[in-house]
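Chain A is the first sequence line, chain B the second, and so forth, proteins listed ahead of strands; every chain is numbered from 1.
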2 protein chains.
Amino acid sequence: MKHTTIKDVAKKMGVSVSTISRAFNDKYDIKKETRDRILKMAKEMGYSPNPIARKLTQKRSYNIGFVVPEFVNSFFPEVIIGAQEVLLEEGYQVLIMQSDLSWETERKNVKTLVDNMVDGLIVSLTSEEKNNTYYKELISSKMPIVFFNRVVDELSASKVLFDDFKWSFFATEHLIVQGFIDIIHITGTKSLSLTKNRINGFEAAHRKHKLKVGEVIYTGFTTEDGERIAESLIEREVLPKAIFAANDALAIGAMHVFKKNGYQIPGDIAIVGFSESRLAEHISPPLTSVKQPTHDIGRAAAQLLLDQINTTGVFIPQSMVLNGRLNIRESSVKVI
Amino acid sequence: MKHTTIKDVAKKMGVSVSTISRAFNDKYDIKKETRDRILKMAKEMGYSPNPIARKLTQKRSYNIGFVVPEFVNSFFPEVIIGAQEVLLEEGYQVLIMQSDLSWETERKNVKTLVDNMVDGLIVSLTSEEKNNTYYKELISSKMPIVFFNRVVDELSASKVLFDDFKWSFFATEHLIVQGFIDIIHITGTKSLSLTKNRINGFEAAHRKHKLKVGEVIYTGFTTEDGERIAESLIEREVLPKAIFAANDALAIGAMHVFKKNGYQIPGDIAIVGFSESRLAEHISPPLTSVKQPTHDIGRAAAQLLLDQINTTGVFIPQSMVLNGRLNIRESSVKVI
DNA sequence: TTTGTTTTCGGAAACGTTTCCGAAAAAATA
DNA sequence: TATTTTTTCGGAAACGTTTCCGAAAACAAA
């Protein structure tokens with residue numbers, strides 16, 4: 001553990017500590033030759049500046065914190081990869097933490113990240129209420145932060161969003177124009193605004209086509225939730241003709257129990273999902289779903305964060321909303 | 001940014017800085033009452049010790065670093081969740097970094113984690129050669145570290161392993177006993193020892209049953225690799241009767257193009273995968289696969305790491321090998 | 001050569017803690 | 001009460017850097 005320190009190099013070379021520091025920080029007030037000499041010697045001695053000590057005096061750590069609510073679905077990993085692409089390019093390292101769908105651990109996560117002096121944060125919320133005041137403090141303390149996917153209007157920070165209303169609208173309209181009536185919308189956590197937006201899109205599509213708006217069922221966002229809902233639906237005996245799920249996991253779970261119970265998809269029930277997952281096209285039948293540009297979401301978030309970090313004056317939060325695509329597959333096309 | 005510091009509280013309360021420090025570190029040599037008084041006041045003033053400064057003098061950060069080669073497949077996220085369960089319990093925070101299958105960024109990842117003074121590391125390698133000497137230095141510098149899944153024998157550290165040989169053996173035997181001959185093994189990166197072990201298991205099963213050992217095809221670990229291999233197989237015109245893939249992603253990719261080209265599974269080709277993914281049972285036909293105890297792998301790794309951290313004397317590296325299960329599903333049962 | 005500028009560097013304070021050492025205060029013992 | 005022991009606390013050094021300030025050295029201008 002006898003790490004070589006800046007003093008060791010200074011002593012060895014007979015120069016002052018500050019000179020070594022200057023050499024490493026590429027300051028203007030040092031002679032080229034001595035800098036090269038120092039750098040060479042430092043490398044020989046296996047010295048590199050201690051980042052902890054450095055952070056104590058400086059402001060920057062070149063670390064970015066990334067907090068996601070979960071990451072077993074590939075959605076969040078994919079946006080992280082996108083963000084990491086642009087961040088690494090700029091010399092930043094990305095520290096990831098996952099909140100396990102708990103706002104308490106989310107809170108702890110961003111705290112440890114802040115404690116470790118990250119230069120900025122990219123976060124997607126587990127809940128839109130619980131940590132609000134905490135985030136407000138954070139924002140007013142000038143910590144650069146951008147939210148994505150799961151955001152809250154109340155917080156004045158940069159955000160990258162998806163037009164949930166629009167694509168929910170398109171997805172249900174796709175069902176409607178094929179003649180499906182009696183469509184049910186299964187959705188996740190009630191408190192998230194993306195949930196509300198998708199519901200609004202679902203209902204708007206009905207209204208546009210002068211249809212009685214379909215039922216909305218709340219549950220979680222997991223495959224198991226989808227299975228549970230499907231089972232309860234089957235017990236009703238009168239099944240809907242189509243289901244629009246707020247999430248591929250839900251759709252797949254539901255599909256699973258429908259198939260197990262002998263229902264044909266899309267013959268008996270048509271299904272469309274959201275936030276296209278990797279398996280959408282591999283499952284049987286292939287699942288119609290709204291594809292979000294995960295990669296681009298990450299890249300955009302990273303870019304907004306960098307903008308904020310590099311802004312010296314007051315920063316005006318920016319919001320971007322990205323576009324998606326409805327990938328129509330077998331699970332939702334009416335058999336004639 | 002005018003964070004309240006320990007001095008502020010000291011001044012405000014008319015006591016020395018060291019007393020405040022003692023109050024926060026629960027030292028024996030402070031009077032109960034003054035400690036309570038200090039803690040209360042500190043809370044009022046919104047003070048909490050700066051972890052960076054603290055790290056400079058202390059050794060512990062209560063942060064654990066987790067480095068994985070990728071995380072869009074749910075395998076790694078699941079083991080992280082398992083590890084996080086036991087680590088959070090003990091008051092540690094888990095910082096995750098992903099290497100994007102590049103050993104260079106893996107290198108950078110563990111470096112920044114070490115720079116941030118994590119108390120220990122849990123890592124799964126991208127390559128078993130490239131960073132060896134680096135890890136050796138790290139280990140000899142007494143950094144607690146445990147490897148899992150993708151490990152290298154040469155490194156003397158704790159490891160948690162899966163018996164790839166055994167389960168590969170069982171998987172191919174499952175194919176063999178049903179009368180499939182002409183089985184091909186598709187596998188990933190050649191340099192990983194888990195690859196070798198799975199090949200050995202594959203071959204051993206053949207030998208046990210006195211069969212000519214099947215062909216082994218090397219590729220990557222992604223769905224796309226599986227698709228590519230399947231296409232090249234189709235061009236051969238004489239297809240194998242069964243495929244054992246070293247990975248569910250490979251299996252699913254291959255299955256996809258076989259189905260697209262009108263082949264029946266398992267009628268024309270039977271398929272079994274490995275490291276069961278979430279989609280195995282949802283895909284069509286449901287995929288036979290070897291299930292690894294992802295959760296337990298994480299828990300075990302975390303436990304081994306904690307053991308090492310809490311050992312004061314010399315630590316003797318431990319290895320654990322965990323058990324799996326072959327989940328037989330439709331994709332590999334011979335149709336009669 | 002003298003004076004003025006610029007370049008290059010050293011000394012020391014600062015960042016926010018912890019910890020060692022010793023002293024004052026309190027308690028226990030004689 | 002006098003002495004010893006224990007408890008509680010303050011002062012200061014240390015952790016490894018960066019940065020401010022000023023001085024020495026080098027150079028340019030007069």
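Rounded to a whole Å, the NZ atom of K32(A) is 20 Å from the P atom of dA26(D). Counting to the nearest Å, the C1' atom of dT8(D) and the CG atom of D36(B) are 15 Å from each other. Distance CD (E33(A)) to P (dT8(C)): 9 Å, rounded to an integer number of Å. Between I30(B) atom CD1 and dC9(D) atom C1' there is a gap of 8 Å when expressed in whole angstrom units. Atom CD1 in I52(B) sits about 16 Å away from atom C1' in dA14(C), given to the nearest Å. L56(A) places its CG atom 17 Å from the P atom of dA13(C), with the value rounded to the nearest Å.
Using a distance-only test at 3.5 Å, with no hydrogens or angles considered, no donor-acceptor pair links the side chain of T189(B) to the main chain of L192(B). Of the possible polar contacts, one joining the D119(A) side chain to the S61(A) backbone as a donor-acceptor pair under 3.5 Å is found. For the pair S16(A) (side chain) and T19(A) (backbone), a donor-acceptor distance under 3.5 Å is present.
Salt bridge annotation for D36(A)-K40(A): absent, with no cationic side-chain nitrogen under 4.0 angstrom from a carboxylate oxygen. Electrostatic pairing of K136(A) and E154(A) counts as a salt bridge here, judged by a charged N lying under 4.0 Å from a carboxylate O.
Centroid-to-centroid, the aromatic rings of F221(A) and F75(A) stay 6.0 Å apart or farther.
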Contact state string [nucleotides 17-28 of chain C, B base, S sugar-phosphate only, - no protein heavy atom under 4.0 Å]: BBBB--------

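Defining each end axis of the helix from dT1(C)-dA30(D) to dA30(C)-dT1(D) as the rotation carrying four pairs' C1' atoms onto the next four, with five pairs an end, the two axes are found to diverge by 40° to 10 degrees.
Using the six-membered ring where Trp is involved, Y62(A) and Y92(A) have ring planes that are tilted, between 30° and 60° apart.
N63(A) and N116(B) share a side-chain donor-acceptor pair at under 3.5 Å.
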